[in-house]
Number of protein chains: 2
Amino acid sequence: MPETCPHNSAISCGNCRLGSICLPLALETDDVVKLDEIVQRGRPLQKNEHLYREGDHFTSVYAVRSGAIKAYRLTGDGQEQVTGFYFPGEIIGMDGISKDQYACSAKALETSAVCEIPFNRLEELSTQVPSMQRHFFQLMSQEITSDQQLITLLSKNSAEERIASLLISISARNARRKLSRTHFRLPMSRTDIGNFLGLTVETVSRVISRFNKQGLIAVENKEVTLLDLEGLKAVANVASDS
Amino acid sequence: MPETCPHNSAISCGNCRLGSICLPLALETDDVVKLDEIVQRGRPLQKNEHLYREGDHFTSVYAVRSGAIKAYRLTGDGQEQVTGFYFPGEIIGMDGISKDQYACSAKALETSAVCEIPFNRLEELSTQVPSMQRHFFQLMSQEITSDQQLITLLSKNSAEERIASLLISISARNARRKLSRTHFRLPMSRTDIGNFLGLTVETVSRVISRFNKQGLIAVENKEVTLLDLEGLKAVANVASDS
DNA sequence: TAATACACTTGATGCAAGTCATGGTGTCTC
DNA sequence: GAGACACCATGACTTGCATCAAGTGTATTA
């Protein structure tokens, strides 16, 4: 049966529409087959369903195939801290490797499909296929640099800069997946955005309203259109090509 | 000539006093020899000397052998953002893997010695020695989780909590190296501390003075003694065993 | 030992974002 | 379609930390 629904599991790495933006970058056809053999595709996750929880025994990393996943950890006093949003083609769960248990929880923001990649199999494959090892090192390094960007954002930037940066980041990640750079649906709540960016819901709401009034964006609930991407980049204080 | 000075380069992974807290954890003796063959030990870095700069072509990761290194990146508008402090036994430079160029600059806070580990050699060794691959995956994952902890700190915690957490973190890393848990020298300036924690120098200074008055710590310039580690942990809002 | 620069401390004031409160709007359930 | 509930928007008030402005060490050099 050919693929019809985006959450369909009758799919292989070879024919996945996400193609090289996921793991199989730079792999030979033979190696893609090997990867395909270890990837497990279960039923889709429903909204609010957990992929794994903080403290669970670490077994696998996951590639998001459709939908969106939020990663978060609990602070000492039980508050939630959102550490990232993961879109199709992105890999989640690499924080679990160091202590053999997940350091974050991962929860679906909407109905989502993921590919499970058992880590011990991935390790084996990585020793056999150097380009696989390299690619995985790169993915982890990317996670480090994106966390460091967030650190900078949190300690140096204003509320407006933070929110503009998030919108630009989502836009760029959409473009990578050949989706619209200017029009998309925010899969997460305002609360999640605020939590991720170190702001309160009220501030997020106010800033989004302000951007709307200023004509930088057009918002209707979760639907966002970036009307002035350059203007938004100016607000975000980022170089124009990023 | 036997080792006399802590910055001495006449040393090998086999006899390094840092032992397993660095890379050679869980390696067989033969494998340590292999690692030793690829590790390069240059002259010590003087204070304020750069190990590498943001944007430099990525070639190697570095193990700190003595001294202390600070990692930082420049924001769009040229401000500095300190992303981490690295002490003996810790590995720096893993952020460079993803784009084949360093995402941070690394600068010595005091006279320091480092072991250079060329990354392509490390990759080769990793395909040959699975425990090496695993250890390096773990190190990178650890970097991810520590960045995520910092993200939480920056977006959820007060100035007092941030500074208490930093003191506790340095204390714990000292303990790992079999050094005093309660008495140490801060190798970085107050400005660097503030920059790292998302605070101004003034706030750092005030909080440290307050901790001093409250009898939690005793400070004299860069020399710090933690007088009440439990009290400090209470201020930091962390579980007592971390 | 004086001179200079730089790192740190301390106090006074202002502001960006948090908190609290209220009302609106969309969405799910029965 | 009524009720319940989560989510979102917006106004009034509060506050923690930044900013500004001196002043006080503490190294470094001549």
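Because only heavy atoms are used, hydrogens play no part in the values below, and waters and symmetry mates are left out as well, while side chains stay in. We name chains A, B, ... by the order of the sequence lines, and we start the count at 1 in each one. The model shown is predicted, which means the values in this text are computed figures rather than measured ones.
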Using a distance-only criterion (donor-acceptor N/O pair, under 3.5 Å, no hydrogens), is the base of dG16(D) paired with the side chain of R206(B)?
no

At less than 4.0 Å, is any side-chain N or O atom of N221(B) found next to OP1 or OP2 of dT26(D)? Yes or no.
yes

To the nearest Å, how far apart are E110(A) CD and dC28(C) P?
13 Å

How many whole angstroms separate atom CD1 of I163(A) from atom P of dC8(D)?
12 Å

Atom pair distance, as rounded to whole Å: CD in Q79(A) and P in dT19(C):
9 Å

Using only side-chain N and O atoms of T203(A), determine if any of them is under 4.0 Å from OP1 or OP2 of dA17(C).
no

Kindly indicate whether the side chain of R190(A) and the base of dT10(D) share any N or O donor-acceptor pair separated by less than 3.5 Å?
no

Less than 3.5 Å between a donor and an acceptor, one on the side chain of E202(B) and one on the base of dC17(D), is that the case here?
no

At under 4.0 Å between heavy atoms, what does S209(B) touch on the DNA or RNA strands: base, sugar-phosphate, or nothing?
sugar-phosphate

Does a distance-only test, which skips hydrogens and angles, find a donor-acceptor pair under 3.5 Å between the side chain of E160(B) and the base of dC17(D)?
no

Member of D228(A), L227(A), L167(A) meeting the side-chain contact (heavy atoms from CB on, under 4.5 Å) criterion with I217(A)
L167(A)

Does a nitrogen or oxygen in the side chain of S189(A) sit under 4.0 Å from OP1 or OP2 of dA6(D)?
no

Tell me yes or no: between the side chains of R173(B) and S169(B), is some donor less than 3.5 Å from an acceptor?
yes

Report yes if at least one side-chain N or O of K222(A) is closer than 4.0 Å to OP1 or OP2 of dG26(C); otherwise report no.
no

Calculate the interatomic distance between R162(B) atom CZ and dA18(D) atom P; express it in whole Å.
8 Å

Rounded distance in Å - CG (N48(A)) to C1' (dC28(C))
13 Å

Pick the nucleotide of DNA chain D nearest each of V204(B) and I208(A); which residue has the one closer to the 5' end?
I208(A)

Contact summary for H183(A) and N174(A), nearest pair of heavy atoms:
O-ND2, 4.4 Å

Please report, rounded to the nearest Å, how far the P atom of dA6(D) is from the CE atom of M188(A).
21 Å

CZ of F211(A) versus C1' of dT10(D): gap in Å, rounded?
17 Å

Indicate, with a heavy-atom threshold strictly under 4.0 Å, whether G194(B) touches base, sugar-phosphate, or nothing.
nothing

Test the K70(B)-Y72(B) pair against the cation-pi criterion, namely NZ or CZ under 6.0 angstrom from the six-membered ring centroid and within 45° of the ring axis.
yes

Please give, in whole Å, the distance from dA18(D) P to L154(B) CG?
11 Å

Using a distance-only test with no angle check, is there a side-chain donor-acceptor pair under 3.5 angstrom linking T75(B) and Q81(B)?
no

